[in-house]
Amino acid sequence: LRVAVVDGQTSKEVAHFRVYSKLLNAWSKDLEAKLQDSSELVITDFSRVSVEGFLKFMYSGDIPDDLGTASEVAILAGMYNIQEPFALIVEKVNAGVEPQTLLRMLEVANMHSDSSSQVKS
């Protein structure tokens, strides 16, 4: 399966990744349904780094150390009803977070407010 990262403003592809579709399908029935008759998943309005982090999470179960990027990973995962990254972020925040990191997380949430409203709590 090909995962393409597309800039929502320019409609240009900024990166792409090759992934094992059965792995993605195992994480999410929503993804499985979306990919049923497709060999490509197009993700817009997320950075290459956050999409890469999302895919790495699906392979390893780990989220990025940078909580700003991890927040984007969680929002992206939530769009496909994958809730595990949120729990991992809560663990990291409960362990202690610097004020500037918290500010970055809030900025990310604000950037993706339309996407995050689709996320189930």
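Bear in mind the structure is a predicted one, so any value in this text is a computation, not a measurement.
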Next item on the list: State, yes or no, whether a side-chain contact exists between Phe54 and Phe46 at a heavy-atom distance under 4.5 Å.
Entry: no

Notebook entry, point to check: For the atom pair OH (Tyr80) and CG (Leu41), what is the distance rounded to the nearest 0.5 Å?
Noted result: 4.5 Å

Margin query: Any side-chain to backbone donor/acceptor pair from Ser50 onto Ser47? Under 3.5 Å, distance only.
Written below: yes

Margin query: When you compare the side chain of Val19 with that of Leu24, does any pair of heavy atoms fall below 4.5 Å?
Written below: yes

Margin query: Just verifying a value: how many Å separate Asp45 CG and Glu72 CD, rounded to the nearest 0.5 Å?
Written below: 10.5 Å

Check: Passes side chain to side chain contact (heavy atoms under 4.5 Å, CB included), Lys12 versus Val5? Steps please.
Finding: CA-CA 9 Å; Lys12 290 186 179 182; Val5 182; over 6 Å; no

Checklist line | Single-linkage hydrophobic cluster, 4.5 Å side-chain cutoff, Val90 and Leu76 together | finding: no

Next item on the list: Identify the heavy atoms of Val6 and Ser11 that sit nearest to each other, and give their distance.
Entry: CG1-C, 3.6 Å

Next item on the list: Please answer: with hydrophobic residues joined when any side-chain heavy atoms are less than 4.5 Å apart, are Leu88 and Ile82 in the same cluster?
Entry: yes

Notebook entry, point to check: Hey, is CD on Glu40 packed in by over 12 heavy atoms from elsewhere, all under 6.0 Å?
Noted result: yes

Notebook entry, point to check: What are the two closest non-hydrogen atoms of Gly53 and Pro64, and how far apart are they?
Noted result: CA-CG, 4.2 Å

Check: Atom CH2 of Trp27 and atom CG of Asn81: how far apart are they, to the nearest 0.5 Å?
Finding: 13.5 Å

Check: Does a side-chain heavy-atom distance below 4.5 Å link Tyr59 with Leu23?
Finding: yes

Check: In Å and rounded to the nearest 0.5 Å, what is the CE to CD1 distance from Met79 to Ile43?
Finding: 8.0 Å

Next item on the list: Drop me the distance from Phe17's CZ to Lys56's NZ, to the nearest 0.5 angstrom.
Entry: 8.5 Å

Next item on the list: Treating Ile, Leu, Val, Met, Phe, Trp and Tyr as nodes and any side-chain heavy-atom pair under 4.5 angstrom as an edge, say whether Met58 and Tyr20 lie in one connected cluster.
Entry: yes

Margin query: With rounding to the nearest 0.5 angstrom, report the OG to CZ distance, Ser21 to Arg2.
Written below: 15.0 Å

Notebook entry, point to check: Going only through I, L, V, M, F, W and Y residues with side-chain contacts under 4.5 Å, is there a path from Leu1 to Val42?
Noted result: no

Margin query: Do Val51 and Ile89 sit in one hydrophobic cluster, given that two such residues count as connected whenever their side-chain heavy atoms are within less than 4.5 Å of each other, even indirectly?
Written below: yes

